[in-house]
Amino acid sequence: MDIKLDHIVHFIEGEPDKAIEEFKKHHYKAVQGGRHETWGTYNSLLYLQSSYIEFLAVENQSIASQSDNPLISQLITDLSNGEGIGQICFRTNNIESLKRDFEENGFDVLPIFPGRRNRSDGKLIQWKMLFLKKQHSMPFPFFIEWAEDDETRYKEFKQQGILDEKLVHTNIETITFQVNDIDAASIAWATLFDVPVIKQSKVSAKIEIGGVAIIFNQAINGRGDRPYKVTFQPPLSSGEVSLYGSTYR
């Protein structure tokens with residue numbers, strides 16, 4: 001499966017600028033993203049070498065609550081239980097082909113969903129999204145195809161100065177979930193991506209896909225089936241950054 005980790009979606013309350021200020025305290029540069037006017041949301045972004053963290057918040061509750069975008073529906077639902085990482089996204093160069101592959105393998109998928117937002121400098125950014133129907137308590141990731149290729153997008157990020165120079169060689173190494181049922185979660189994701197489960201212990205398992213390791217740990221605080229920790233390679237020089245229910249290091 002030809003996919004790469006594209007981004008992590010961190011659900012937050014209030015204004016996305018909060019995340020910019022938090023990373024500034026640790027001497028890293030996050031930036032304003034833009035507004036999704038048709039979804040009632042807006043975001044800020046922390047760019048890495050080939051992926052990024054999106055801090056997504058509700059700007060217009062009335063519009064967001066009526067959105068038919070599954071990600072926005074999850075944002076509304078999850079925020080009722082507090083802030084934290086809500087989703088991860090993988091990118092592909094052929095989302096139509098990926099949709100057919102999932103369907104042929106027996107997965108229920110939703111129609112391809114168009115996306116767009118106005119960047120803070122006024123440029124219109126466009127993409128396509130693919131969501132799978134929820135089949136167990138932990139939602140599957142979603143998938144994206146950008147209108148521009150990777151090289152063009154990241155070259156522009158560097159030219160605009162929105163990619164922190166300290167992070168141009170930094171990638172996401174692991175994403176760790178707390179899950180209520182390790183076997184069910186790891187097997188479901190391994191089946192989706194057609195990769196093996198690597199059992200680490202009775203309370204931990206992982207899969208490797210899209211250049212990142214997804215780790216499933218037994219939930220111990222009653223808030224399972226949600227990612228809560230991300231590690232970078234190389235690690236953040238300032239050490240661990242804990243914010244809005246999740247940890248980056």
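If you read the sequence from its start, that first residue is 1, and numbering goes on from there. Computed from a predicted structure; not experimentally measured.
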Side-chain H-bond candidate by donor/acceptor type, Ser50 with Asn171, under 3.5 Å: yes
More than 12 non-hydrogen atoms from neighbouring residues, nucleotides or ligands closer than 6.0 Å to CD on Gln159, yes or no? yes
Just by modelled atom types, is the Ala57 backbone N or O under 3.5 Å from a matching donor or acceptor in the Asn43 side chain? no
Within the distance-only criterion (no hydrogens, no angle test), does the side chain of Lys29 pair as donor or acceptor with the backbone N or O of Leu167 below 3.5 angstrom? no
Could you pull out all residues at least two apart from Ala205 that satisfy side chain to side chain contact (heavy atoms under 4.5 Å, CB included)? Ile182, Ser186, Val197, Lys199
Rounded to the nearest 0.5 angstrom, the CZ-CD distance for Phe216 and Gln178 is 13.5 Å
Is there a donor-acceptor contact under 3.5 Å from the side chain of Arg249 to the main chain of Val241? no
For Glu22, salt bridge (charged side-chain N to carboxylate O under 4.0 Å, His left out) partners two or more places apart: Lys25
If the condition is ring pair (Phe, Tyr, Trp, His ring centres under 6.0 Å), which residues does Tyr154 pass it with, not counting sequence neighbours? Phe157
Working to the nearest 0.5 Å, report the span between CG of Leu110 and CG of Leu132. 7.5 Å
Flag side-chain contact, heavy atom, 4.5 Å: Val168 against Gln49: no
With ring-ring contact (aromatic ring centres under 6.0 Å, His included) as the test, would you mind laying out the steps for Phe140 and Phe102 before giving the verdict? CA-CA 12 Å; Phe140 281 130; Phe102 287 144; 8.3 Å; no
Would you please name every residue forming a ring pair (Phe, Tyr, Trp, His ring centres under 6.0 Å) with Tyr52, sequence neighbours left out? His7, Tyr47
Donor-acceptor under 3.5 Å (Ser44 side chain, Ala19 main chain): no
If the condition is side chain to side chain contact (heavy atoms under 4.5 Å, CB included), which residues does Asp181 pass it with, not counting sequence neighbours? Asp183, Ala184
Spacing of Ile95 atom CD1 and Met129 atom CE [to the nearest 0.5 Å]: 8.5 Å
Got a sec, which residues hit salt bridge (charged side-chain N to carboxylate O under 4.0 Å, His left out) with Asp164, two or more places apart in sequence or on another chain? Lys166
Mind checking the CD1-CG spacing from Ile162 to Leu46? Nearest 0.5 Å is all I need. 11.0 Å
Looking only at atom types and distance, does a side-chain atom of Thr170 sit under 3.5 Å from a main-chain N or O of Leu48, one as donor and one as acceptor? no
Can you sort out the partners of Lys18 under salt bridge (charged side-chain N to carboxylate O under 4.0 Å, His left out), two or more places apart, ordered by chain and number? Glu83
Separation between CG (Leu75) and CG (Leu56), nearest 0.5 Å, reads 5.0 Å
Of all residues at least two apart in sequence or in a different chain, which pass the ring pair (Phe, Tyr, Trp, His ring centres under 6.0 Å) check with Tyr28? none
Using a 6.0 Å cut-off, check whether atom CG of Asp2 has over 12 heavy atoms from anything other than its own residue. no
Taking only residues two or more places apart in sequence, or in another chain, which ones meet Phe55 in a ring pair (Phe, Tyr, Trp, His ring centres under 6.0 Å)? His10, Phe23
Joint cluster assignment, Phe11 & Phe177, ILVMFWY side-chain distance < 4.5 Å: no
Quick one: list whatever passes side chain to side chain contact (heavy atoms under 4.5 Å, CB included) with Ile198, sequence neighbours left out. Lys206, Glu208
Heavy-atom donor-acceptor pair, Gln74 side chain to Gln87 backbone, under 3.5 Å: no
Pair Phe113, Phe142 - check ring-ring contact (aromatic ring centres under 6.0 Å, His included), show working. CA-CA 11 Å; Phe113 200 99; Phe142 68 99; over 10 Å; no
Run the side chain to side chain contact (heavy atoms under 4.5 Å, CB included) test against Lys158 and tell me which residues pass, sequence neighbours left out. Leu163
Excluding sequence neighbours, so at least two apart, what forms salt bridge (charged side-chain N to carboxylate O under 4.0 Å, His left out) with Glu15? none
